[in-house]
Asker: 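Below: one structure in structure tokens.
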Amino acid sequence: MFSTRLGLSPLLHSSKQASSALSRLAIPRTTPLRLTLPSATATPRRFCSSHRSADNKDGKKDITMYLQETHDKVFENNRSWAAEQVAKDPDFFKKLEAGQNPEYLWIGCSDSRIPAEQITGLQPGEAFVHRNIANLVCNTDLNVMSVIEYAVKHLKVKHIVVCGHYGCGGVKAAMTPKDLGLMNPWLRNIRDVYRLHEKELDAIPDEEARYERLVELNVYEQCRNVVKTAALQQSYAENGFPVIHGWVFNFRDGLLKDLNVDFETILKDIQKIYNLTA
């Protein structure tokens with residue numbers, strides 16, 4: 001075993017042969033060579049323990065069962081919901097199939113705690129919904145721009161709601177002076193809102209109050225961004241709708257706060273530079 005471990009021939013048994021082989025390996029003669037052999041009574045190491053393998057298998061089995069159960073639960077809920085709708089109105093799904101005619105375009109945050117229809121009592125077909133992190137309306141985001149174009153020009157919505165919420169993680173992250181990787185370009189839009197309202201925000205000594213005010217100002221600026229679109233301006237000039245609303249949802253009491261955005265004043269101010277009705 002000793003000679004094989006060193007890469008020597010197992011035929012080297014004599015001390016003279018071993019000494020010669022060691023000298024060829026350039027191992028100094030003064031360096032003691034110690035080999036620690038395992039004791040017959042030593043506790044085996046756990047690096048290849050069957051216990052760890054069993055734990056991994058059990059954990060993977062639990063996760064697999066959980067994923068299947070949560071998947072199946074959605075379909076159970078769906079069947080219950082569908083049956084409930086038919087019980088209320090036998091023609092419910094026939095009406096949905098015929099097309100949509102929503103009154104509202106809802107631009108909200110992706111936060112899972114704020115389902116637009118549930119907190120407003122709107123029914124399927126009554127709101128066209130777009131959601132993203134921190135409810136932003138960026139002119140370079142073709143997703144939200146396409147949603148606004150379709151909702152205004154084709155669905156003829158009467159109201160456009162930009163709804164933020166207190167406790168927004170996106171706004172909180174934008175207030176954090178650190179590199180957040182891929183999120184940086186997105187959060188820059190919120191940081192720009194802070195820059196535009198820097199004096200007002202810096203004058204608020206309480207950090208939580210400053211944070212909540214930034215949530216509100218972000219909603220206000222996204223409403224302005226909606227007003228800057230050609231679809232909105234042209235539809236309002238021709239039809240008198242849609243109008244813009246800025247709301248904030250409060251987790252503390254479940255209520256919506258209307259920021260009372262002065263849509264017509266914003267439109268008038270915007271069109272000094274962003275008039276796209278011609």
Side-chain angles (χ1 to χ4, degrees), residues 104-114 116 119-120 129-141 143-145 147-148 151 159-180 183-229 231-233 236 242-275:
Y104 295 86
L105 166 59
W106 175 281
I107 301 174
C109 183
S110 297
D111 194 300
S112 60
R113 299 167 293 176
I114 313 171
I119 66 174
T120 58
V129 178
H130 174 80
R131 299 169 71 176
N132 60 43
I133 294 175
N135 43 271
L136 298 184
V137 179
C138 309
N139 69 306
T140 54
D141 180 7
N143 192 334
V144 71
M145 289 293 109
V147 165
I148 292 172
H159 304 268
I160 298 179
V161 175
V162 177
C163 186
H165 65 97
Y166 300 121
C168 179
V171 174
K172 192 71 171 180
M175 294 180 69
T176 305
K178 64 183 294 186
D179 180 6
L180 294 171
M183 292 180 65
N184 288 333
W186 190 257
L187 297 179
R188 183 182 300 171
N189 296 283
I190 310 172
R191 288 170 173 155
D192 286 343
V193 172
Y194 197 114
R195 176 178 55 80
L196 290 171
H197 301 274
E198 184 175 3
K199 289 183 179 180
E200 177 187 347
L201 290 167
D202 286 349
I204 302 174
D206 182 71
E207 183 178 354
E208 185 66 19
R210 185 165 61 249
Y211 166 40
E212 293 193 349
R213 181 56 179 158
L214 181 55
V215 167
E216 296 174 351
L217 291 171
N218 181 55
V219 169
Y220 177 79
E221 290 298 333
Q222 304 319 310
C223 288
R224 289 175 64 89
N225 288 340
V226 175
V227 177
K228 293 175 186 177
T229 64
L232 182 284
Q233 292 184 28
Y236 188 77
V243 293
I244 312 299
H245 310 279
W247 300 346
V248 178
F249 179 76
N250 194 334
F251 288 120
R252 299 186 188 99
D253 54 19
L255 298 178
L256 289 165
K257 177 180 180 179
D258 190 346
L259 298 180
N260 296 310
V261 170
D262 189 344
F263 165 63
E264 291 189 349
T265 298
I266 292 175
L267 178 61
K268 183 179 179 180
D269 292 342
I270 284 292
Q271 287 185 326
K272 294 177 182 178
I273 303 173
Y274 303 93
N275 191 343

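Atoms considered below: every heavy atom in the structure, side chains included; atoms not considered: hydrogens, waters and symmetry mates.
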Asker: Going by salt bridge (Lys or Arg N to Asp or Glu O under 4.0 Å), name the residues that satisfy it together with Lys228, two or more places apart in sequence or in a different chain.
Answerer: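 Testing Lys228 for salt bridge (Lys or Arg N to Asp or Glu O under 4.0 Å), a comparison that skips the adjacent residues, returns none.
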Asker: Side chains of Tyr194 and Asp202: is there a donor and an acceptor less than 3.5 Å apart?
Answerer: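 Yes.
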Asker: List for me each residue that meets side chain to side chain contact (heavy atoms under 4.5 Å, CB included) alongside Arg195, sequence neighbours excluded, and say none if there are none.
Answerer: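 Expected list: Asp192.
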Asker: Taking only residues two or more places apart in sequence or in another chain, which ones pass salt bridge (Lys or Arg N to Asp or Glu O under 4.0 Å) with Arg224?
Answerer: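 Per chain and number, Arg224 pairs via salt bridge (Lys or Arg N to Asp or Glu O under 4.0 Å) with Glu221.
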Asker: In this structure, is the centre-to-centre distance between the rings of Tyr211 and Tyr166 below 6.0 Å?
Answerer: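 Distance test on ring centres: not under 6.0 Å, no.
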Asker: Please enumerate all residues that pass salt bridge (Lys or Arg N to Asp or Glu O under 4.0 Å) together with Arg188, with sequence neighbours excluded.
Answerer: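 For Arg188 there are no salt bridge (Lys or Arg N to Asp or Glu O under 4.0 Å) partners, ignoring immediate neighbours.
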Asker: Is any side-chain N of the basic residue among Glu207 and Arg210 closer than 4.0 Å to the acidic one's carboxylate O?
Answerer: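 No, Glu207 and Arg210 are not salt-bridged.
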Asker: Test of understanding: with salt bridge (Lys or Arg N to Asp or Glu O under 4.0 Å), list the residues that count as partners of Glu264, not counting sequence neighbours.
Answerer: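 For Glu264 there are no salt bridge (Lys or Arg N to Asp or Glu O under 4.0 Å) partners, ignoring immediate neighbours.
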Asker: Please name the pair of heavy atoms, one in Cys223 and one in Val261, separated by the smallest distance, quoted to 0.1 Å.
Answerer: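 Smallest heavy-atom distance, with atoms named: SG-CG2, 4.2 Å.
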Asker: Give the table of side-chain donor-acceptor pairs shorter than 3.5 Å for residues 167-180, with sequence neighbours excluded, one pair per line with atom names and distance.
Answerer:
unit_1, atom_1, unit_2, atom_2, d
Thr176, OG1, Lys172, O, 3.0
Asp179, OD1, Gly181, N, 2.9
Asp179, OD1, Asn184, ND2, 2.5

Asker: Between the side chains of Arg252 and Glu212, is the shortest nitrogen-to-carboxylate-oxygen separation below 4.0 Å, so that they form an ion pair?
Answerer: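 Judged by the 4.0 Å cut-off on N to carboxylate O distance, Glu212 and Arg252 do form a salt bridge.
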Asker: Considering non-hydrogen atoms only, spot the tightest contact between Leu136 and Ile133 and give its length.
Answerer: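 For Leu136 and Ile133, the tightest heavy-atom pair comes out as CG-O, 3.7 Å.
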Asker: State, to 0.1 Å, how close Val227 and Gln233 come at their nearest heavy-atom pair, and which atoms those are.
Answerer: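 Minimum heavy-atom separation between Val227 and Gln233: O-NE2, 3.1 Å.
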